[in-house]
Amino acid sequence: MGIPDPARRIDDYPHQFSGGMRQRAVIAMGLANNPALLIADEPTTALDVTTQAQVLDLLRRLRRDHGSSIILITHDMGVVSQLADRVLVMYAGRAAEEGPRQEVFHHPSHPYTWGLLGSVPRARAPRVRRLPAIPGSPASALAVSSGCAFAPRCRFAHDRCAEQPPLAGAGHLDACWLPRDRRHELRHSLDEAAAAAGDPGQRSVVVPETEEFE
């Protein structure tokens, strides 16, 4: 796990380790039986950037040296972009989008994924006063809509969203009723509205008529 002098430190207490070392100790427990599948739930939470990079490098090395598959559960899109081969975006316990990492990050097709990626600051992008925010509040697990779970927060929700969309597609899947040939245009309209408003959290979007989605 890369912890110096392991023979001595094996007897140390948790408070004698840094956050990154404690994370490594937990990973060591998970790998003790050389599993074919490692489930890593938020392995970099509350770690500084340097320690986070060390943990990610460790996961890559373990995958390479032991051949283990990894299911990474995280809200950090930066971590996903560095480690994942395939991405599954979930909202309210339901699959919203699934596909190869490059496809999901460069050609996202679900409005929730648009919101997730839009809220990530980019070093090379023009500076904004506020980062874009997804309107509304997260859905309660006790009261998820029988239709599209994201519809109450979606700027493009329409009548058909009362029915739950299936996860469909070829290789790059999504659960959304919006016409696929208009996704790029609709996502671009969000970006334009955000730039014009100057305050992404208060931007408005012109939603096309419902008939156009049927």
Side-chain angles (χ1 to χ4, degrees), residues 1-2 19-125 131-134 138-139 141 148-150 153-154 165-176 178 180 183-184 187 190-191:
M1 295 295 103
M21 287 181 173
R22 289 195 293 268
Q23 292 280 48
R24 294 181 189 207
V26 173
I27 293 173
M29 295 176 191
L31 293 171
N33 292 320
N34 193 24
L37 174 65
L38 175 67
I39 301 177
D41 189 351
E42 298 286 5
T44 60
T45 297
L47 299 180
D48 60 77
V49 176
T50 301
T51 306
Q52 175 177 294
Q54 293 172 353
V55 171
L56 293 179
D57 286 341
L58 173 62
L59 292 176
R60 292 191 194 95
R61 188 169 71 250
L62 295 172
R63 181 176 59 181
R64 182 188 67 237
D65 296 345
H66 296 277
S68 299
S69 295
I70 299 175
I71 294 180
L72 176 66
I73 304 170
T74 181
H75 67 281
D76 192 327
M77 300 299 284
V79 170
V80 175
S81 69
Q82 295 181 54
L83 195 64
D85 296 313
R86 192 168 184 84
V87 178
L88 172 63
V89 179
M90 300 189 70
Y91 182 79
R94 297 178 185 172
E97 183 167 353
E98 178 186 352
R101 180 192 61 213
Q102 294 289 344
E103 281 294 311
V104 172
F105 273 80
H106 294 286
H107 306 287
S109 57
H110 194 283
Y112 178 55
T113 312
W114 299 346
L116 289 179
L117 294 176
S119 66
V120 177
R122 290 172 173 78
R124 299 181 181 178
L131 289 172
I134 299 175
C148 174
F150 187 62
R153 305 180 68 188
C154 182
L167 187 67
H172 184 182
L173 317 176
D174 65 72
C176 184
L178 294 175
R180 294 183 183 278
R183 303 283 178 90
H184 178 75
R187 185 190 180 198
L190 288 176
D191 296 336

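These numbers come from a predicted model, not from an experiment. Computed over heavy atoms, backbone and side chain alike; hydrogens, waters and symmetry mates excluded.
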| note | So CG of Leu59 and CZ of Arg24: to nearest 0.5 Å the spacing works out to 10.5 Å
| said: How close do Leu167 and Ala175 get, counting heavy atoms only, and between which atoms? | reply: CD1-N, 3.8 Å
| query | Applying ring-ring contact (aromatic ring centres under 6.0 Å, His included), which residue pairs with at least one partner in residues 78-101 are found, sequence neighbours left out? | reply | Tyr91-Tyr112, Tyr91-Phe150
| Would you find a donor on one side and an acceptor on the other, under 3.5 Å apart, between the side chain of Glu103 and the backbone of His172? | no
| note | Between Leu116 and Ile134 the two heavy atoms that sit nearest each other are N-CD1, 4.2 Å
| field | Thr44, Thr45, Val55 screened by side-chain contact (heavy atoms from CB on, under 4.5 Å) with Val79, the one that passes | value | Thr44
| message | Going by side-chain contact (heavy atoms from CB on, under 4.5 Å), Arg183 matches just one of Pro111, Cys176, Pro108. Which one? | response | Cys176
| query | Does Gly78 offer a backbone N or O that forms a donor-acceptor pair with the side chain of Asp76 under 3.5 Å? | reply | yes
| Out of curiosity, Leu72 CG to Asp41 CG, how far, rounded to the nearest 0.5 Å? | 9.0 Å
| query | Measuring from His184:NE2 to His107:NE2, what's the distance to the nearest 0.5 Å? | reply | 9.5 Å
| Donor-acceptor contact below 3.5 Å, side chain Glu97 vs main chain Val104 | no
| task | Decide yes or no for Leu58 and Gln54: does some side-chain heavy atom of the first lie under 4.5 Å from some side-chain heavy atom of the second? | result | no
| said: Less than 4.5 Å apart, side chain to side chain, heavy atoms only: is that true for Pro165 and Cys148? | reply: yes
| task | With the side chain counted from C-beta on, respond yes when His110 and Val89 share a heavy-atom pair under 4.5 Å apart, and no when they do not. | result | no
| request: Could you pull out the closest heavy-atom pair between Arg101 and Val87, with the gap in Å? | output: CA-CG2, 3.9 Å
N/O donor to acceptor pairs below 3.5 angstrom from side-chain atoms of residues 60-67, sequence neighbours left out:
| from | atom 1 | to | atom 2 | distance (Å) |
| --- | --- | --- | --- | --- |
| Arg60 | NH1 | Asp57 | OD1 | 2.6 |
| Arg60 | NH2 | Gln82 | O | 3.4 |
| Arg63 | NH1 | Leu83 | O | 3.2 |

